[in-house]
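Remember, it's a predicted structure, so these values are computed and weren't measured experimentally. Order of the sequence lines fixes the chain letters, A, B, ..., with proteins taken first and strands second; residue numbering starts at 1 for each chain.
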There are 2 protein chains.
Amino acid sequence: MPNTDGAEAGALGDDNPSTRELIIRAARGCFADSGFEGTSLNDIAAGVGIRRPSLLHHFPSKDAIYGEVFEVALSDWIAQVERAASGEIMNGWEQVELVLDVSFQFFRHNSDFVRIMRREAIDTNSHLGFDLGATIRPHFERALDWFEREMTAGRFRRQDAEQLMLTGYGALLSYFSDAAFLDGLLDRDPLSDDSLHRLLEHTRSLFAATLEP
Amino acid sequence: MPNTDGAEAGALGDDNPSTRELIIRAARGCFADSGFEGTSLNDIAAGVGIRRPSLLHHFPSKDAIYGEVFEVALSDWIAQVERAASGEIMNGWEQVELVLDVSFQFFRHNSDFVRIMRREAIDTNSHLGFDLGATIRPHFERALDWFEREMTAGRFRRQDAEQLMLTGYGALLSYFSDAAFLDGLLDRDPLSDDSLHRLLEHTRSLFAATLEP
DNA sequence: GTCTATATAAGGATAGAC
DNA sequence: GTCTATCCTTATATAGAC
């Protein structure tokens with residue numbers, strides 16, 4: 001007996017998205033643009049093309065929609081970075097470049113998530129049921145241990161790797177989360193191919209200058 | 001005829017603050033913690049110790065309170081940085097260190113403003129009547145011109161100064177705006193004296209390594 | 001699964017007493 | 001200058017028809 005939905009229906013990037021998936025997509029844009037309190041169920045419903053009460057047929061509450069939006073994007077991000085970081089066949093610098101590239105591309109193509117994550121990082125009272133920093137912490141510490149081993153092995157110059165990671169991610173996340181601000185600050189489109197290439201090259205050379213022995 | 005209020009009454013840091021000033025202080029904390037939409041007039045009024053309608057005797061609307069909170073802090077920041085940047089008696093590197101120190105200390109002691117500014121930078125629809133990026137732009141370009149002159153004079157290595165400033169400020173602003181997130185991520189208090197010293201030293205050495213000829 | 005209608009609460013702002 | 005009482009709007013969520 002054929003299942004018209006299919007087991008994978010609703011996944012991100014689906015070409016024949018379920019209503020549930022359409023809600024997630026519309027909600028992601030709204031939450032990124034206006035934050036949790038600044039987004040009403042009417043806004044999301046309008047983005048989907050249905051009425052407000054219909055949303056709550058698919059999700060029990062606004063919080064539930066928000067939670068799903070966040071968790072889907074967060075697990076996507078973690079999965080991609082972990083995947084890039086686990087192919088430890090390469091030498092130290094190639095590994096750094098790969099993770100940097102993967103993170104960069106993810107942020108570029110998921111800038112809505114970047115802005116939502118930023119809002120969560122700023123808020124004192126998170127709308128999620130968990131501590132974002134504590135969730136990322138094991139991955140962060142694993143990366144830290146890896147840097148420590150590379151430095152001990154002499155493949156990297158000894159550095160404050162923790163601060164370097166905070167600086168690198170802070171700079172990248174800021175660029176994408178604050179793109180609207182940069183659009184007013186700079187005399188160029190911050191999201192043009194040229195600008196993004198320039199950002200990636202600068203970040204790469206920053207890591208290189210800091211780490212090369 | 002003595003004036004019990006004094007011409008300067010209500011200025012930030014006042015020891016005998018007016019109600020208007022108390023409102024600004026309470027509002028600044030609320031807007032930083034919860035954002036514009038996440039803050040109700042009840043929240044602010046509770047912080048002052050008065051009732052909601054009493055707020056609107058001092059300010060015409062919630063937007064007016066928000067605008068005043070933001071403009072006071074923004075002009076404070078610009079004034080301090082411009083003051084540090086205009087004493088051009090020093091050589092290039094001392095100038096960079098001074099502006100970096102002044103910015104760092106300002107962010108440290110005005111982390112509420114940093115979080116509000118970040119929220120404004122993220123939001124597509126600002127609650128202010130002006131473009132934050134465009135407002136800062138002349139100061140940003142002045143700094144850029146200065147870097148250009150220093151590099152041309154050979155006192156700095158030739159660099160992508162624009163990206164360097166974006167990275168530096170992005171990293172600093174992120175650290176302070178996301179302190180709550182860092183508290184969960186790191187195995188230490190991100191706002192302890194030690195942590196802040198470590199951050200400043202790292203940022204300083206990052207600029208030094210990038211700029212020294 | 002989507003709709004209209006409705007319950008209920010909260011928010012911003014105003015009127016007017018003190 | 002602060003208060004209570006009130007108006008109006010918007011928001012989340014539910015009930016029940018189709």
task: Say whether A/Ser177 and A/Ser174, considering side chains only, have a donor N or O and an acceptor N or O under 3.5 Å apart.
output: no
query: What residues, two or more places apart in sequence or in another chain, satisfy side-chain hydrogen bond (donor to acceptor under 3.5 Å, both in side chains) together with A/Glu162?
result: B/Arg188
- prompt: Any side-chain N or O of A/His57 less than 4.0 Å from the OP1 or OP2 oxygen of D/dT14?
  reply: no
query: Tell me: CZ of A/Phe59 to P of D/dT12, nearest whole Å?
result: 15 Å
Candidates C/dT2, D/dC3, C/dC3 - which lies nearest the side chain of A/Arg51: C/dC3
query: Does A/Phe107 have its ring centroid less than 6.0 Å away from the ring centroid of A/Phe113?
result: no
message: Nearest whole Å is fine: how far is D/dA11 P from A/Leu55 CG?
response: 13 Å
Atom pairs and distances, side-chain donor-acceptor, residues 30-38 of chain A, under 3.5 Å, sequence neighbours left out:
| residue | atom | partner | partner atom | Å |
| --- | --- | --- | --- | --- |
| A/Asp33 | OD1 | A/Arg115 | NH1 | 3.1 |
| A/Asp33 | OD1 | A/Arg115 | NH2 | 3.0 |
| A/Glu37 | OE2 | A/His127 | NE2 | 2.9 |

query: How about B/Phe104 and B/Phe176: are their ring centroids closer than 6.0 Å?
result: yes
field: Ion pair B/Arg118/A/Asp178, N-O distance below 4.0 Å
entry: yes
task: Check whether any side-chain nitrogen or oxygen of A/Thr19 sits under 4.0 Å from OP1 or OP2 of C/dT2, and answer yes or no.
output: yes
field: Contact pattern, 5' to 3', of nucleotides 12-18 of chain C - B, S or - by protein heavy atom under 4.0 Å
entry: BBB----
- request: Would you indicate, yes or no, if D/dC3 has its OP1 or OP2 atom less than 4.0 angstrom from a side-chain nitrogen or oxygen of B/Ser54?
  value: yes
